[in-house]
Trainee: 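The following block contains the structure, expressed as structure tokens.
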Amino acid sequence: MIRSLLLATSLFVGGAMSPLAAMAAQPANVGDAILAASAYHDSGDYQHDFDVVVAQARQWIDETAPKTRRPAIVLDIDETTLSNWDEIRANDFGYIAAGPCDALPKGPCGADAWEKSGRAPAFASTRALIEDAQAHHVAVFFVTGRHEDEREATERNLHLAGIRHWDGLYLRPMTSHGYAALYKTPTRERIERKGYTIIASLGDQPSDLSGGYAKKGFLLPNPFYRIP
Ligand SMILES: [Mg+2]
């Protein structure tokens, strides 16, 4: 159907590449992607899909923890434990590192200022998973791509969002940059070398989960940005 439509359009313009064919050869339109991502969030589909993955992880943790010696889970922070939706929407899905964030819901909202303000709410399903894991004697570790200079703000934010206990919070050393997995994978290895078995790793980016050192990875939806 699409092929014949393209052929007809192609013939119509006398053999030159048709507008539809030209569009198909181009990257996705960013404006269309913003509309689709906003609709995905605002319809409730994002929260639904997120909660489905968290429920799968929770079931796996409940089944696996009793059969495991010193079980642990690893969670990412942003778009896994804490939601930055207010900042994401204010910046129209762009990433703005510097500058203040004092006009919400209007942007721009500097990401550094936003994270240091410690205002991000927790995902209720993730918070419940953490509490459930702890009730099953599972150690909880956060491994985030945020840098060490955000440790105090991140701890304060977790407390404010109702997450009060964890066994370790690993932030990226100030000298570490580049691919997230180059820092996250060795950090999970460090946790396992302490004698824990990581039964589940939860994150919103493939780079949160690659490289092993977890029995099972759970990838949460995030069409809003990519951390390679
Ligand atoms: Mg994340």
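Everything numeric here is computed off the predicted structure, so don't read it as measured data. Ligands are counted one by one from 1 in listed order, and the atoms in each one are counted from 1 as well.
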Trainee: If you measure from the Lys or Arg side-chain nitrogens to the Asp or Glu carboxylate oxygens, is any gap between Arg151 and Glu155 under 4.0 Å?
Mentor: yes
Trainee: Asp78: which N/O/S atom is nearest the Mg ion (ligand 1)?
Mentor: O
Trainee: Which class fits the ring pair His159 and Trp166: parallel under 30°, tilted 30 to 60°, perpendicular over 60°?
Mentor: tilted
Trainee: Nearest 0.5 Å, please: how far is CD in Glu79 from OH in Tyr225?
Mentor: 3.5 Å
Trainee: If you look at Asp204, which of its N/O/S atoms is nearest to the Mg ion (ligand 1)?
Mentor: OD1
Trainee: Between His177 and His147, how do the two ring planes meet: parallel, tilted or perpendicular, split at 30° and 60°?
Mentor: tilted
Trainee: Nearest to the Mg ion (ligand 1), which N, O or S atom of Asp76 do we find?
Mentor: OD2
